[in-house]
Amino acid sequence: MTAPKATTPFRHFLDISDLTPAALRAILDDARNRKQARQGWAKAAVDADAPLHGRMLAMIFAKPSTRTRVSFEVGMHQLGGQAIILNSNDMQLNRGETIGDTAQVLSRFVDAIMIRTDDHADVLELAEKADIPVINGLTDDSHPCQIVADIQTFEEHRGDIKGARVAWVGDGNNVCNSFVHAAGLLDFTLSVATPDQLKLSDKVQNWAQENFVTLEQTDDPYAAVENADLVVADTWVSMGDKDAASRHNLLKPYQVDSKLMAAANKDALFMHCLPAHRGEEVTADVIDGPQSVVFDEAENRLHAQKSILVWCANEIDKMADKS
Ligand code: CP
Ligand code: NVA
């Protein structure tokens, strides 16, 4: 006899581009409320509504992590649940067990899966085969959890991001792709400065065109940051990138230093998803300076992901229905 399929409706969180603007707004509102409700609380306390009481999250990591791992684990605790950390090297996945079988087995044990891996197609396959929500914790294509935290951070400091101008400077990578998706949903302008060899993929450029994103692309970092309300940098060599030396050469002119920051709006914020490399993609005086909000951004991974987890379990809607 096979176990019954999950009867509770649930949702995957695979990419910002899969969401409606209203869903992204609901997640951001819940994250803001949860953060506010915790002011003055002991750090270990469980949220009053404990919406994931008794639930278990499995986290699969095929790549390293500090923020994603800790924020999801602490977040599950604060929601009343627990998390298990699985290094994919220690799993049978590493010895040829299929993603489909892994998805079905984990679906019998836990209530949700977060996965960080290389190939985005593996996350899509996991989601297709699992009977429980799957959350994308970073692939070579995107990093949607990061961008929810980034939007939360921008809005905490500057209000509604609609109509703002965000400048991305450096590699047209996974984090940048998720920024493109968010610009489409929340109506802000994204100006991306990359060397031609590292520009956004055709897939993302096509998505931007089909979804009427106000996306500007240039190879001039100064053109990108002009009138910007937010300047964003990321590592020059992402996890899995093999061409470190040539990337360093190509990206040298894209370092965010105080001169480049001075070319943006006077009150422009600086963000970086971290981990950062001072003296490479950003100078120490910028990342450790007054315009930088990188540690608020890191903290908001916790609040944003709690709301993503709750949204995946449909609890945000249930709470909204009650009010
Ligand atoms: N920004 C981010 O995802 O950090 P980790 O790689 O430490 O999880
Ligand atoms: N672009 C970076 C983000 C790290 C959180 C990477 O993929 O390594």
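- When the side chains of ILVMFWY residues are joined at heavy-atom separations under 4.5 Å, either directly or via intervening members, V256 and V225 end up in a single hydrophobic cluster.
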**Message:** Under the criterion salt bridge (Lys or Arg N to Asp or Glu O under 4.0 Å), I'd like the reasoning laid out for D160 against R25: C-alpha separation, chi angles, the key distance, then a yes or no.
**Reply:** CA-CA 11 Å; D160 195 346; R25 263 293 149 221; 3.5 Å; yes

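- Checking side-chain atoms of N174 against main-chain N and O of S142 turns up no donor-acceptor pair under 3.5 Å.
- To the nearest 0.5 angstrom, D285 atom CG is 11.0 Å from S292 atom OG.
- By the criterion of side-chain heavy atoms lying less than 4.5 angstrom apart, applied directly or through intervening Ile, Leu, Val, Met, Phe, Trp or Tyr residues, L215 is not grouped with L198; the two fall into different hydrophobic clusters.
- Separation of atoms CE (M114) and CG (L138) is listed at 9.5 Å; rounding is to 0.5 Å.
- The CZ atom of R158 lies 12.0 Å from the OG1 atom of T153; values are rounded to the nearest 0.5 Å.
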**Asked** Yes or no on side-chain hydrogen bond (donor to acceptor under 3.5 Å, both in side chains) for R278 and T283, after CA distance, side-chain angles and deciding distance?
**Response** CA-CA 5 Å; R278 287 169 176 76; T283 54; over 6 Å; no

**Request:** Check step by step if side-chain contact (heavy atoms from CB on, under 4.5 Å) holds for V166 and I161.
**Result:** CA-CA 9 Å; V166 176; I161 199 165; 4.3 Å; yes

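- When side chains are defined from C-beta on, F188 does not count as touching L230, because their heavy atoms never get closer than 4.5 Å.
- A 4.5 Å side-chain heavy-atom check between V180 and W168 finds every atom pair outside the cut-off.
- The two residues V213 and A183 have their closest heavy-atom pair at CG1-CB, 3.7 Å.
- Residues K129 and G100 come closest through the heavy atom pair CG-CA, 3.7 Å.
- Contact check for I113 versus I132: side-chain heavy atoms found under the 4.5 Å cut-off.
- Under the 3.5 Å distance criterion, the side-chain polar atoms of R165 are matched with a main-chain donor or acceptor of A224.
- Surrounding CZ of R69 are at most 12 heavy atoms belonging to other residues, nucleotides or ligands under 6.0 Å away.
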**Item:** Pair F109-I84, side-chain contact (heavy atoms from CB on, under 4.5 Å): steps then yes or no
**Value:** CA-CA 11 Å; F109 294 144; I84 305 170; over 6 Å; no

**Message:** Checking R247 against D241 for the salt bridge (Lys or Arg N to Asp or Glu O under 4.0 Å) test, could you report, in this order, the C-alpha distance in whole Å, the side-chain angles of both residues, the deciding distance, and whether it holds?
**Reply:** CA-CA 9 Å; R247 286 171 161 274; D241 284 341; 3.5 Å; yes

**Message:** For a side-chain contact (heavy atoms from CB on, under 4.5 Å) check, start with the C-alpha distance between L86 and F61, then their side-chain angles and the critical distance, and finish with the verdict.
**Reply:** CA-CA 6 Å; L86 301 163; F61 285 99; over 6 Å; no

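- Between M261 and L269, the closest heavy-atom pair is CE-O, 4.0 Å.
- A donor-acceptor contact shorter than 3.5 Å is absent between the side chain of N300 and the backbone of H303.
- Of the N and O atoms on the side chains of D234 and N173, at least one donor lies less than 3.5 Å from an acceptor on the other residue.
- Distance alone, capped at 3.5 Å, places no donor-acceptor pair between the E226 side chain and the Y222 backbone.
- Atom CD1 of residue I27 and atom CG of residue L309 lie 10.0 Å apart, to the nearest 0.5 angstrom.
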**Request:** Could you check S107 against D131 for side-chain hydrogen bond (donor to acceptor under 3.5 Å, both in side chains), going step by step and ending with a plain yes or no?
**Result:** CA-CA 6 Å; S107 297; D131 295 329; 4.7 Å; no

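- Atoms CG and NE2, on N136 and H143 in that order, are 8.5 Å from each other to the nearest 0.5 Å.
- Between the side chain of Q146 and the main chain of V175, no donor-acceptor pair closer than 3.5 Å is present.
- Checked by atom type and distance alone, the side chain of N206 pairs as donor or acceptor with a backbone atom of D202 at under 3.5 Å.
- Scored by the salt bridge (charged side-chain N to carboxylate O under 4.0 Å, His left out) test, K63 finds D118, D140 as partners (sequence neighbours excluded).
- F154 places a side-chain heavy atom less than 4.5 Å from the side chain of M271.
- The main-chain N or O of L79 is never found under 3.5 Å from a side-chain atom of D47 such that the two would form a donor-acceptor pair.
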**Chi angles and distances behind the side-chain contact (heavy atoms from CB on, under 4.5 Å) call for I16, L24** = CA-CA 8 Å; I16 301 236; L24 181 52; 4.2 Å; yes

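- Among all heavy-atom pairs drawn from L14 and P144, the shortest one is O-CG, 3.6 Å.
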Show the atom names and distances, to 0.1 Å, of all donor-acceptor pairs under 3.5 Å that link a side chain in residues 120-127 to residues at least two apart or in another chain.
from, atom 1, to, atom 2, distance (Å)
H120, ND1, T139, OG1, 2.9
H120, NE2, D15, OD2, 3.1

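- The minimum heavy-atom distance between C145 and F72, with the atom names listed, is SG-CZ, 4.0 Å.
- With a 6.0 Å radius and a threshold of 12 heavy atoms from other residues, nucleotides or ligands, H277 has its NE2 atom above the threshold.
- Side-chain N/O atoms of S307 and D30 include a donor and acceptor closer than 3.5 Å.
- Looking only at distances, no side-chain donor or acceptor of R34 sits under 3.5 Å from a matching main-chain atom of K306.
- In this structure, Q205 contributes its side chain and L200 its backbone to a donor-acceptor pair below 3.5 Å.
- Rounding to the nearest 0.5 angstrom, the gap separating the CG atom in N227 from the OG atom in S191 is 10.0 Å.
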**Request:** Given side-chain hydrogen bond (donor to acceptor under 3.5 Å, both in side chains), test H181 with D18 step by step and report yes or no.
**Result:** CA-CA 9 Å; H181 296 155; D18 297 335; over 6 Å; no

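- At least one donor-acceptor pair under 3.5 Å links the side chain of H272 to the backbone N or O of L274.
- Residues L52 and L57 form no side-chain contact, since every pair of their non-hydrogen atoms from C-beta on lies 4.5 Å or further apart.
- A 4.5 Å side-chain heavy-atom check between L251 and Y254 finds at least one atom pair inside the cut-off.
- When all heavy atoms of C176 and D171 are compared, the pair lying nearest together is CB-O, 4.2 Å.
- Atom CD of E156 has more than 12 neighbouring heavy atoms from other residues, nucleotides or ligands inside a 6.0 Å radius.
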